[in-house]
Amino acid sequence: MSILDVGFVQRFVRMCQDGWEQGWHERNGGNLSYRMRPEDIEAAKPYFTTPKEWKEIGASVPGLGGEYFMVTGSGKYFRNVASDTADSVCILEVDAAGKRYRILWGLVNGGKPTSELPSHLMNHEVKRAVSHGAHRVIYHAHPANIIALTFVLPLKDEIFTRELWEMMTECPVVFPKGVGVVKWMVPGGREIAVATSELMKTYDVAVWAHHGMFCSGEDFDLTFGLMHTVEKSAEVLVKTLSMRPDKLQTIQPQEFRDLAEEFQVTLDERFLFEK
Ligand code: 13P
Ligand code: ZN
C-alpha cells in the first residue's frame with residue numbers, strides 16, 4: 001500500500017492524465033486542486049512527511065482555515081503526474097487564519113504549489129460557501145478553442161454563455177448558470193484571483209481572456225466533464241465561424257425555455273435576449 005493507492009489520489013492523477021491527453025496542458029500549463037474530505041486526510045496521514053515551513057498564500061482565505069488540499073506543483077507538467085506523482089503534486093494544509101500554508105507530502109524534489117494558488121484557494125473559499133461544502137475541485141486548463149474565441153467574441157458573460165449554449169443542445173443543461181469572462185490580467189496574483197472568485201459566486205466556469213479557463217465542481221468527473229463540455233462547444237463555434245461568419249439557423253430563445261422546462265433547469269433571462 002502506498003499513498004498512490006488511496007482513492008482520491010488515484011482520481012486526481014487520472015484527471016491530470018485525462019487533461020494531458022486532451023491537449024490542454026502544454027509544458028506546465030494548467031493546474032488542479034482538490035479540497036480533501038476528512039476520510040481523505042485520514043487515509044493520507046500515514047504517508048505525511050515532516051511538515052515544511054509555513055509560507056504565505058498571497059491571499060486571505062479565512063473560510064478555508066484548517067483545510068487540506070492536493071495541488072499540482074508550479075512549473076510541473078501534467079504529462080508527468082501519473083509517472084512521477086510525488087515529484088509533481090503536493091498535499092498542503094492551510095493555517096487557521098487562512099493566510100499561510102505548509103506542505104505535508106509531495107514535491108519531493110523541491111518546488112512550490114502552483115503559481116495560481118491564490119486563484120485556486122479564493123475560488124475554493126467562494127465555492128465551499130455557495131455550494132454548502134459540496135464543491136471540492138478547482139481546475140485550470142489552456143484549451144485552444146475557448147482561448148481562440150476570446151480574440152473574436154466580446155468579453156461579456158452574456159455573449160460567451162449564449163454562443164456556447166447555442167452550439168450543443170446539452171450545454172444549457174450542463175452549465176445552466178452560464179460562464180463568466182475575466183478580461184486579460186496578469187496571471188498568478190491576487191488581483192486575477194479576486195476577479196475570478198467574484199465570478200465564481202455566480203458561475204462554475206470562468207474564462208480567462210487569451211489564457212484559458214477555470215472550472216469548479218463537486219468531484220473530479222463533474223469538473224473534468226464541465227471543462228470538456230465547454231471546450232467541445234467552443235470547438236463547434238470555432239468550426240462554425242470558420243465555415244461562415246453568420247449562422248443559417250440556431251436554437252432560439254423560446255426553444256431554450258422549452259428545453260429548460262423539460263430538463264428542469266433554470267436559465268437566466270439575461271442570456272435569452274432577442275438578437
Ligand atoms: P503553474 O505551473 O505555476 O501551475 O502555472 C501554470 C499556469 O497555467 C499559470 O496560469
Ligand atoms: Zn494558465
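Hydrogens, waters and symmetry mates play no part in the numbers below; they use all other heavy atoms, side chains included. In each ligand, atom 1 is the first atom listed, and ligand 1 is the first ligand listed.
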**Asked** For the Zn ion (ligand 2), how many protein N, O or S atoms lie at less than 2.8 Å?
**Response**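 Atoms of protein N, O or S type lying less than 2.8 Å from the Zn ion (ligand 2) total 3.
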Which pairs of donor and acceptor atoms, one on a side chain in residues 34-47, lie under 3.5 Å apart (sequence neighbours left out)?
residue	atom	partner	partner atom	Å
Y34	OH	D40	OD2	2.6
R35	NH1	E67	OE2	3.3
R35	NH2	G133	O	2.9
R35	NH2	H135	O	3.0
D40	OD2	R37	N	2.8

**Item:** Distance-only polar pair, side chains of H211 and H142, donor-acceptor under 3.5 Å
**Value:**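 Note: H211 and H142 side chains meet the donor-acceptor criterion.
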**Prompt:** Hydrophobic cluster mates of V186, side-chain heavy atoms under 4.5 angstrom, ILVMFWY only, any path?
**Reply:**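 Answer for V186: W184.
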**Request:** Could you check whether the rings of F78 and Y139 sit parallel, tilted or perpendicular, using 30° and 60° as the cut-offs?
**Result:** parallel
**Request:** Give me the ring orientation class for H210 and F151: parallel if the planes are under 30° apart, tilted from 30 to 60°, perpendicular past 60°.
**Result:** parallel
**Heavy-atom closest contact (S33 atom, H124 atom, distance)** =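 What the structure gives for the nearest pair is OG-NE2, 2.8 Å.
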**Request:** Indicate the atoms forming the closest heavy-atom contact of P172 with V265, along with that distance.
**Result:**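 Reported closest heavy-atom pair: O-CG2, 4.2 Å.
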**Request:** Heavy-atom cut-off of under 4.0 Å around ligand 1: list whichever protein residues fall inside it, by chain and number.
**Result:**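 Contacting ligand 1 under 4.0 Å are N28, G29, G30, N31, S74, G75, T114, S115, E116, H140, H142, H211.
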**Request:** Test V238 against every option in I146, N145, V152 by the side chain to side chain contact (heavy atoms under 4.5 Å, CB included) rule and name the one that passes.
**Result:**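 Only match with V238 under side chain to side chain contact (heavy atoms under 4.5 Å, CB included): N145.
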**Item:** Ion pair E166/K275, N-O distance below 4.0 Å
**Value:** yes
